[in-house]
Participant: 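The structure under discussion is supplied below as structure tokens; questions concerning it will follow.
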Amino acid sequence: MSKTTETTSPAASAIANWWADHVFGGTIGRIDHPSHPEPNGGITMALAVAAGRQGVPAESSKRDVFVNALARRIAADLERYDDVTLGVDYGTDPMLADAAKEAGVSTGSFP
């Protein structure tokens, strides 16, 4: 773990690493929720790739920069608010998108 994430809260680091696992770990298009079995994930992936919105591989060398950028943003929000909500649906959450931009990662890399 780098110095930047060590100086943020453990919760911020854990959340940032969870997102990095999904962005850099090849889980694009997978839906792991019990109500959405893997075949639905395949359909989601096919539609996303066809739409040109997802499926962009993230370079593993950018992971630490992404984690640090996201952890800093999460820690700042956690100091101001009781919780932080991040997600991707019709687009990437602004906090995730800003961290991705700082790290040079395409928002098309998000699951």
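Here the structure is a predicted model, which means the values were calculated and not measured.
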Participant: Looking only at atom types and distance, does a side-chain atom of S109 sit under 3.5 Å from a main-chain N or O of S106, one as donor and one as acceptor?
Facilitator: yes
Participant: Does the pair K62 and E102 meet the rule for a salt bridge (Lys or Arg N to Asp or Glu O under 4.0 Å), with working shown?
Facilitator: CA-CA 10 Å; K62 297 179 179 182; E102 183 176 326; over 6 Å; no
Participant: Could you state the interatomic distance from CE (M95) to CD1 (I74), rounded to the nearest 0.5 Å?
Facilitator: 6.5 Å
Participant: Is there a path from V65 to L70 through hydrophobic residues (I, L, V, M, F, W, Y) whose side chains come within less than 4.5 Å of each other?
Facilitator: no
Participant: Let me confirm one number: the NZ-CG distance from K101 to D98, rounded to the nearest 0.5 Å.
Facilitator: 7.5 Å
Participant: Among N68, N17, V105, which residue meets the side chain to side chain contact (heavy atoms under 4.5 Å, CB included) test with R63?
Facilitator: N17
Participant: I need the L86 CG to W18 CH2 distance, nearest 0.5 Å.
Facilitator: 9.5 Å
Participant: At their closest point, which heavy atom of S9 faces which heavy atom of A75, and how far apart are they?
Facilitator: N-CB, 4.3 Å
Participant: Hey, what do you get for CD1 (I15) to CG (L78), rounding to the nearest 0.5 Å?
Facilitator: 5.5 Å
Participant: Working to the nearest 0.5 angstrom, can you tell me the gap between F66 CZ and L96 CG?
Facilitator: 5.5 Å
